Q: 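Next up is a structure, given as structure tokens.
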Amino acid sequence: MSLSKPSLPLIAEVNPKSPISEAYKVLRTNVDFSNFEEDIQTVMITSSRMSEGKSTTTANLAVTYAQTGKRVLLIDADMRKPTQHKIFGLSNRYGLTSALSNNSELREVVMDTGIDHLSLLPSGPVPPHPSEMLASKRMELLLERARGEYDIVLIDTPPMMAVTDAQIMAAKCDGVILVIDAGKVKKDMARKVKAKLQHANARMLGVVLNNVNRSGSDSYAYYSYYGS
Ligand SMILES: Nc1ncnc2c1ncn2[C@@H]1O[C@H](COP(=O)(O)OP(=O)(O)OP(=O)(O)O)[C@@H](O)[C@H]1O
Ligand SMILES: [Mg+2]
């Protein structure tokens with residue numbers, strides 16, 4: 001099978017033996033190996049700017065974890081531009097924002113993706129104050145519940161330079177993966193983001209360099225991982 005458009009963006013599901021899927025497995029292994037001192041169970045994925053590949057990385061990493069038999073929960077915490085429900089072809093009528101406003105149980109809002117061991121908590125209806133919702137005590141409680149029910153929780157977020165949401169979440173998660181579009185983001189921008197993450201006391205698990213050699217219409221040409 002070629003790496004052409006129809007197999008995207010869930011390439012780890014459609015073509016698990018492709019080189020890109022292998023790269024997601026390397027990312028998974030690196031996250032697991034950063035786990036030697038304390039448990040890394042909640043991992044947030046972010047980037048400096050928009051469209052660097054956060055959601056694609058989160059979805060494929062989630063699939064890659066589920067393939068090992070671990071119970072995986074993917075939370076779409078990008079309340080401003082939710083996409084995970086689209087990637088998995090599910091509804092966004094109820095989700096994280098509904099759970100937080102009603103203090104619901106996870107099982108009331110979590111959806112089956114059709115992929116074994118992988119559940120999705122979509123973002124839910126766009127709320128008036130996303131940052132406040134993410135900063136709330138209820139969000140902490142929800143993450144606590146998720147820790148009890150899943151082996152790993154992966155969290156998609158908005159870009160760091162746009163809003164404070166990702167910084168808020170970083171402080172609540174065990175680790176952070178930073179996705180950098182190699183063609184778009186300059187070093188000083190990446191440094192600024194790193195400083196923001198440090199300020200939030202985030203534990204950097206590593207950096208994913210996305211689109212290293214993107215040329216014209218070539219999709220997913222390269223996908224590299226570098227430890228922090
Ligand atoms: N390595 C890649 N090669 C080609 N296309 C890619 C790659 N990674 C992501 N894309 C595509 O780029 C677009 C943006 O990716 P994605 O939605 O994952 O980024 P994002 O960082 O979540 O964006 P946003 O800031 O809007 O949430 C999507 O159409 C996705 O399919
Ligand atoms: Mg996104």
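If you're wondering where the values come from, they're calculated on a predicted model, not measured in any experiment. Each ligand, and each atom within it, is numbered from 1 in the order the structure gives.
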Q: Closer than 2.8 Å to the Mg ion (ligand 2): how many protein N, O or S atoms are there?
A: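 Count of protein N, O, S atoms less than 2.8 Å from the Mg ion (ligand 2): 1.
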Q: Given Pro158, Ser51, Gly53, identify the one with the heavy atom nearest to atom 23 (O) of ligand 1.
A: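 The residue whose heavy atom sits nearest atom 23 (O) of ligand 1 is Ser51.
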Q: Salt bridge or not for Arg71 and Asp151, using N-O below 4.0 Å?
A: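 Yes, this pair counts.
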Q: In a check of side chain to side chain contact (heavy atoms under 4.5 Å, CB included) between Val176 and each of Val207, Leu205, Thr46, Ile45, which one passes?
A: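 Filter result, single survivor: Thr46.
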Q: Looking only at distance, does Thr56 have an N or O less than 3.5 Å from an N or O of ligand 1?
A: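 Yes, Thr56 has an N/O under 3.5 Å of an N/O on ligand 1.
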Q: Pairs of donor and acceptor atoms involving the side chains of residues 109-122, under 3.5 Å and at least two apart or interchain, shall be tabulated with distances.
A:
residue : atom : partner : partner atom : Å
Asp112  : OD1  : Gly114  : N            : 3.2
Thr113  : OG1  : Ile115  : N            : 3.1
Thr113  : OG1  : Ile115  : O            : 3.4
Thr113  : OG1  : Leu118  : O            : 2.7

Q: Should Lys81 be counted as touching ligand 1, given the test is an N or O pair under 3.5 Å?
A: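 Between Lys81 and ligand 1 (N or O atoms, distance only) the closest approach is under 3.5 Å.
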Q: Does the N or O separation between Pro159 and ligand 1 drop below 3.5 Å for any pair?
A: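 Between Pro159 and ligand 1, no N or O pair is found under 3.5 Å apart.
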Q: Run down the list Ala23, Ser55, Ser47 and name the one with the heavy atom closest to atom 17 (O) of ligand 1.
A: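 Of the listed residues, Ser55 has the closest heavy atom.
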Q: Regarding Thr64 and Lys25, is there a side-chain donor-to-acceptor distance under 3.5 Å anywhere?
A: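 Short answer, no.
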Q: I need the atoms of ligand 1 closer than 4.0 Å to a non-hydrogen atom of Met50, numbered in the order shown.
A: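 Reading through ligand 1 atom by atom, the close ones are 25 (O).
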Q: Say whether Asp32 and Tyr65, considering side chains only, have a donor N or O and an acceptor N or O under 3.5 Å apart.
A: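 Yes - a donor-acceptor pair under 3.5 Å links their side chains.
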Q: Without swapping roles, check the side chain of Ser21 against the backbone of Asn15 for a donor-acceptor pair under 3.5 Å.
A: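 Such a contact is found between Ser21 side chain and Asn15 backbone.
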Q: If you measure from each heavy atom of Asp78 to ligand 1, is any distance below 4.0 Å?
A: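 Yes, Asp78 has heavy atoms under 4.0 Å from ligand 1.
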Q: Of the options Leu143, Leu74, Asp76, Leu134, which is the one that meets Ile155 in a side chain to side chain contact (heavy atoms under 4.5 Å, CB included)?
A: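 Considering Leu143, Leu74, Asp76, Leu134, a side chain to side chain contact (heavy atoms under 4.5 Å, CB included) with Ile155 is found only for Leu143.
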Q: Less than 3.5 Å apart, which donor and acceptor atoms pair up between the side chains of residues 162-175 and the rest of the protein, not counting sequence neighbours?
A:
residue : atom : partner : partner atom : Å
Asp165  : OD1  : Arg80   : NH2          : 2.8
Asp165  : OD1  : Ser131  : OG           : 2.8
Asp165  : OD2  : Arg80   : NE           : 2.9
Asp165  : OD2  : Arg80   : NH2          : 3.3
Lys172  : NZ   : Glu140  : OE2          : 2.8
Asp174  : OD1  : Thr42   : OG1          : 3.4
Asp174  : OD1  : Arg147  : NH2          : 2.5
Asp174  : OD2  : Gln41   : N            : 2.7
Asp174  : OD2  : Thr42   : N            : 3.0
Asp174  : OD2  : Thr42   : OG1          : 3.3
Asp174  : OD2  : Arg147  : NH1          : 3.4
Asp174  : OD2  : Arg147  : NH2          : 3.1

Q: Could you tell me whether Arg49 and ligand 1 have an N or O pair separated by under 3.5 Å?
A: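 Such a contact does not occur with ligand 1.
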Q: Report the part of Asn210 (side chain from C-beta onward, or backbone N, CA, C, O) that has a heavy atom under 4.0 Å from ligand 1; answer both or neither where that applies.
A: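 For Asn210, the contact with ligand 1 is made by the side chain alone.
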Q: Got a donor-acceptor contact below 3.5 angstrom from the Thr97 side chain to the Ser123 backbone?
A: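 Judged by distance alone, yes, a pair lies under 3.5 Å.
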Q: Who passes side-chain hydrogen bond (donor to acceptor under 3.5 Å, both in side chains) against Asn92, sequence neighbours left out?
A: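 For Asn92 there are no side-chain hydrogen bond (donor to acceptor under 3.5 Å, both in side chains) partners, ignoring immediate neighbours.
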